Participant: 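Sharing a structure, written as structure tokens. Questions coming.
All ligand and atom numbering here is 1-based and tracks the order in the structure. Please read these numbers as outputs of a predicted model, since none were measured by experiment.
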Amino acid sequence: MPVKAYDLTGRTALVTGAASGIGRAAAILLAEAGAAVHCADRDEKGLRQTTERISAAGGTARAHPLDVTDRAQLAAAVDEAVRTDGSLDVMANIAGIMHSSTVLETDDADLDRVLAVNFKGVLYGCQEAARAMIAQGAGGSIITMASGAIDTGAPGLLCYGAAKAAVVQLTKTLASEVGRHRIRVNAVAPGWIRTPMTDHHSERDDSRDPGRDPAGDPGDRPRSRIEEAMTHAAPLGRVGEPEDIAHAVLHLASDASSFTTGQIMRPNGGVAMPW
Ligand code: NAI
């Protein structure tokens, strides 16, 4: 028998980054759990694939092509979710970009671009969702996507790590401000997850290694130097899949986590074990 606390029937979720990787897996899983899912992303083709998969499995999904750096577009998606499904119960801010440059290489344009998507885009999503949830008076769950980068000083990840650290601060601050409205706010800080984002990063890294063939068979996994390092570093002996993180999102979205707010969940295979 399914566990009732994980049942999202009658709830509405908005998921950004839903055209690919973790966001797509989360949108699909939330729909499987019964939620009506509003899928937002700037990649229209990927969005269509996600909503078609949800619909084909009997779920309810609607596509919102948008850029999370545009507050008005996010506000319109929140309004449409409330108008079509009567409420917004779950907001999962998953859209993000990876950027790699050393501290000495980093320029203003890099910093502005990464902060705009990975921090401001999340801030806008949190603000618009919290306003709608406060107005409807029925509580809700807001989820943000941080990263294992918050726990370390990985070379090249200044902009990315700084934006994710800011997301954690946003998560804790908002949690302390909206708890009295029964709105919970939590972050997920995944370890290395196999998605188009990390595939791209691996290929760039491998292209610096003459012993590697970045065009090699992607089925021959672990397929990159970074993945191999992450696999060896993880007590669980593997890197993650998008579904690993989707389950963390489902937990935080559902009543199973009804006493959890302002927390960072770290599905990372055990790579980092901070207090
Ligand atoms: P992905 O590249 O597969 O998916 C990211 C999605 O965000 C894409 O569909 C992209 O179109 C969308 N997006 C990017 N900028 C956007 C914008 N301005 N407006 C609207 N949509 C936009 O990447 P992945 O791996 O699924 O990452 C999802 C989130 O998880 C990101 O926030 C990432 O930082 C985070 N994360 C990923 C990890 C990994 O190992 N893959 C580890 C830790 C965190």
Participant: What protein heavy atom sits nearest atom 15 (N) of ligand 1, and how far off is it?
Facilitator: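 Of the protein heavy atoms, R42 CZ, 3.2 Å lies nearest.
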Participant: How does A146 reach ligand 1, if at all, at less than 4.0 Å between non-hydrogen atoms: by side chain, backbone, both, or neither?
Facilitator: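 Backbone only.
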Participant: Could you identify the single nearest non-hydrogen protein atom to atom 29 (C) of ligand 1 and state the distance to 0.1 Å?
Facilitator: I94 O, 3.0 Å
Participant: Are the side chains of L30 and V15 in touch, meaning some heavy atoms are under 4.5 Å apart?
Facilitator: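 Side chain of L30 against side chain of V15, heavy atoms only: contact under 4.5 Å found.
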Participant: When you measure from atom 38 (C) of ligand 1 to each heavy atom in A40, A18, G191, P196, which option holds the nearest one?
Facilitator: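 Checking each option, the heavy atom nearest atom 38 (C) of ligand 1 is found in G191.
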Participant: Output all residues satisfying side-chain contact (heavy atoms from CB on, under 4.5 Å) with A33, sequence neighbours left out; order by chain, then residue number.
Facilitator: L8, L250
Participant: At a non-hydrogen distance cut-off of under 4.0 Å, which region of I97 contacts ligand 1 (side chain, backbone, both, or neither)?
Facilitator: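 For I97, only side-chain atoms sit under 4.0 Å from ligand 1.
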Participant: When you compare ligand 1 with G148, is there at least one nitrogen or oxygen pair between them that comes in under 3.5 angstrom?
Facilitator: no
Participant: Consider every N or O of S20 and every N or O of ligand 1, then say whether any pair is closer than 3.5 Å.
Facilitator: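 Such a contact does occur with ligand 1.
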Participant: Could you go through residues 138-157 and list every donor-acceptor pair under 3.5 Å that involves a side-chain atom there, pairing it with any protein atom two or more places apart or in another chain?
Facilitator:
{"unit_1": "S141", "atom_1": "OG", "unit_2": "L252", "atom_2": "O", "d": "2.8"}
{"unit_1": "T144", "atom_1": "OG1", "unit_2": "T171", "atom_2": "OG1", "d": "2.8"}
{"unit_1": "S147", "atom_1": "OG", "unit_2": "A149", "atom_2": "N", "d": "2.9"}
{"unit_1": "D151", "atom_1": "OD1", "unit_2": "R266", "atom_2": "NH2", "d": "2.9"}
{"unit_1": "D151", "atom_1": "OD2", "unit_2": "R266", "atom_2": "NE", "d": "2.8"}

Participant: Is K164 close to ligand 1, meaning an N/O of one under 3.5 Å from an N/O of the other?
Facilitator: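 Between K164 and ligand 1, an N or O pair is found under 3.5 Å apart.
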Participant: Tell me which protein heavy atom sits closest to atom 18 (N) of ligand 1, plus the residue, atom name and distance to 0.1 Å.
Facilitator: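 Here the closest protein heavy atom is D67 OD1, 2.9 Å.
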Participant: Checking a contact table here: which protein heavy atom is nearest atom 35 (C) of ligand 1, and how many Å away?
Facilitator: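 Ranked first by proximity to atom 35 (C) of ligand 1 is M145 CG, 3.6 Å.
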Participant: Between the side chains of S202 and H200, does any donor sit under 3.5 Å from an acceptor?
Facilitator: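 No, because no side-chain N or O of S202 sits under 3.5 Å from a partner of the opposite role on H200.
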Participant: Starting from atom 34 (O) of ligand 1, which protein heavy atom do you reach first, and at what distance in Å?
Facilitator: Y160 OH, 2.5 Å
Participant: Among all protein heavy atoms, pick out the one at the shortest distance from atom 26 (O) of ligand 1; state its residue, atom name and that distance to 0.1 Å.
Facilitator: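 Sorting protein heavy atoms by distance from atom 26 (O) of ligand 1 puts I22 N, 2.8 Å first.
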Participant: Might you work through the side chain to side chain donor-acceptor pair (under 3.5 Å) test for R24 and T50, ending with a clear yes or no?
Facilitator: CA-CA 6 Å; R24 169 177 285 170; T50 303; 2.8 Å; yes
Participant: Should I193 be counted as touching ligand 1, given the test is an N or O pair under 3.5 Å?
Facilitator: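 Yes, there is a polar N/O contact under 3.5 Å.
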Participant: May I ask which of P65, G23, G96 has a heavy atom nearer to atom 5 (C) of ligand 1 than the others do?
Facilitator: G96
Participant: Identify the closest protein heavy atom to atom 27 (O) of ligand 1: which residue and atom is it, and at what distance?
Facilitator: M197 CE, 3.8 Å
Participant: Kindly determine whether H38 and D85 satisfy side chain to side chain donor-acceptor pair (under 3.5 Å), including the steps that lead there.
Facilitator: CA-CA 10 Å; H38 291 257; D85 291 301; 2.6 Å; yes
Participant: Would D41 count as being in polar contact with ligand 1, using the rule that some N or O on each side must be under 3.5 angstrom apart?
Facilitator: yes
Participant: Return the residue, atom name and 0.1 Å-rounded distance of the protein heavy atom closest to atom 19 (N) of ligand 1.
Facilitator: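 Closest protein heavy atom to atom 19 (N) of ligand 1: V68 N, 2.9 Å.
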Participant: Does a side chain donor of either S87 or R11 reach within less than 3.5 Å of an acceptor in the other side chain?
Facilitator: no
